[in-house]
Amino acid sequence: MIGRFFVGVCVVVPCLLSAGIAHAQDVPGIEICTVEKTMERRTSCLQSNVEFLQKTIARLEAQHQQKLDAAKAQIEVLKANIAALQKIVSDLQAAQHKPADEAKKASTPPPDATAKDAAPKDAAKDTAAKDGAKQGAK
């Protein structure tokens, strides 16, 4: 019984101890360099921070450039769509005005026809007026 307990403790205790111990890892990021006592460690810490910041800036610059390029491509597509829609609108407006113009032409006779029709009537009136004036003068 004691043997089994001892074997169990020998297996379980190292597992528990290793879980509680955090191994130091060099995780990239901004570190507080003022806690370092020696100048070499502070310099190394600062250089690490500078490298991290430069890599971060380069990564963000590339991401933003990709976003800008995608936005520019989308703007060009939208400009093409606007041009196509403007053409459609102008075609529709032209088609809408065309039947209206035809209806106006059909409802009003051409100016030459009204002038021809009016001329004989006016001439007849003028002739009658002249005849009446001649008879009144006699």
Side-chain angles (χ1 to χ4, degrees):
M1 186 90 176
I2 293 178
R4 285 188 185 175
F5 180 72
F6 182 69
V7 171
V9 169
C10 288
V11 171
V12 173
V13 171
C15 290
L16 291 174
L17 291 176
S18 67
I21 298 172
H23 298 287
Q25 295 179 354
D26 189 22
V27 178
I30 301 295
E31 300 174 17
I32 300 172
C33 299
T34 57
V35 296
E36 301 295 336
K37 301 294 182 204
T38 64
M39 193 57 101
E40 290 172 356
R41 290 187 56 91
R42 272 191 192 181
T43 304
S44 174
C45 178
L46 290 171
Q47 286 175 344
S48 174
N49 286 349
V50 168
E51 289 173 7
F52 171 74
L53 291 172
Q54 286 175 342
K55 287 179 185 177
T56 303
I57 289 171
R59 180 177 44 87
L60 291 174
E61 182 182 8
Q63 288 176 350
H64 285 93
Q65 189 61 43
Q66 288 176 347
K67 288 180 183 179
L68 285 173
D69 292 341
K72 286 178 184 176
Q74 189 175 15
I75 287 171
E76 293 301 320
V77 169
L78 292 173
K79 283 181 181 178
N81 287 342
I82 288 173
L85 290 173
Q86 285 175 338
K87 183 182 181 307
I88 290 171
V89 167
S90 65
D91 291 345
L92 289 173
Q93 286 175 342
Q96 185 179 16
H97 290 300
K98 187 175 182 181
D101 292 340
E102 289 176 1
K104 286 181 183 178
K105 287 179 183 178
S107 66
T108 59
D112 295 337
T114 49
K116 288 178 185 176
D117 293 340
K121 291 178 185 176
D122 290 341
K125 288 180 185 178
D126 289 341
T127 307
K130 287 180 186 178
D131 288 341
K134 285 182 187 178
Q135 286 178 2
K138 287 185 183 181

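All of these numbers come straight from a predicted model, not from anything done at the bench. Counting begins at 1 with the first residue of the sequence. We use all heavy atoms of the structure for the numbers below, so side chains are in, but hydrogens, waters and symmetry mates are not.
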task = Output the distance between atom CG (L60) and atom NZ (K67), rounded to the nearest 0.5 Å.
result =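 Between atom CG of L60 and atom NZ of K67 there are 9.0 Å.
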request  = Rounded to the nearest 0.5 Å, what's the gap from NZ on K55 to CZ on R59? Could you check?
outcome  =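 If we round to the nearest 0.5 Å, K55:NZ and R59:CZ are 11.0 Å apart.
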ask   = For K87, which residues count as a salt bridge (charged side-chain N to carboxylate O under 4.0 Å, His left out) partner, sequence neighbours excluded?
value =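 Salt bridge (charged side-chain N to carboxylate O under 4.0 Å, His left out) check on K87 returns D91.
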inquiry  = E51: which residues meet the salt bridge (charged side-chain N to carboxylate O under 4.0 Å, His left out) condition with it, sequence neighbours left out?
reply    =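 Here no residue qualifies.
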message = To check you understand the geometry: which heavy-atom pair defines the closest contact between S48 and E31, and what is its length?
response =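 Taking S48 first and E31 second, the nearest heavy atoms are OG-OE2, 4.1 Å.
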query = Closest approach of C33 and N49, non-hydrogen atoms and distance?
reply =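 Looking at all heavy atoms of both residues, the closest pair is SG-ND2, 3.3 Å.
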inquiry  = With a 6.0 Å cut-off (strictly less than), is the heavy-atom count around CG of L92, excluding the residue itself, greater than 12?
reply    =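 Correct, the count exceeds 12.
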Flag if over 12 foreign heavy atoms under 6.0 Å of CD, Q63 =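 Check passes, neighbour count above 12.
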message = Can you tell me which residue among R42, R41, E36 is in a side-chain contact (heavy atoms from CB on, under 4.5 Å) with T38?
response =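 The side-chain contact (heavy atoms from CB on, under 4.5 Å) with T38 is passed solely by R41 among R42, R41, E36.
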message = Against K79, only a single residue in N81, I75, V77 fulfils side-chain contact (heavy atoms from CB on, under 4.5 Å); can you say which?
response =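 Option passing the side-chain contact (heavy atoms from CB on, under 4.5 Å) with K79: I75.
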message = Connecting only ILVMFWY residues whose side-chain heavy atoms lie within less than 4.5 Å of each other, what is the rest of F52's hydrophobic cluster?
response =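 In the cluster with F52 are I30, L53.
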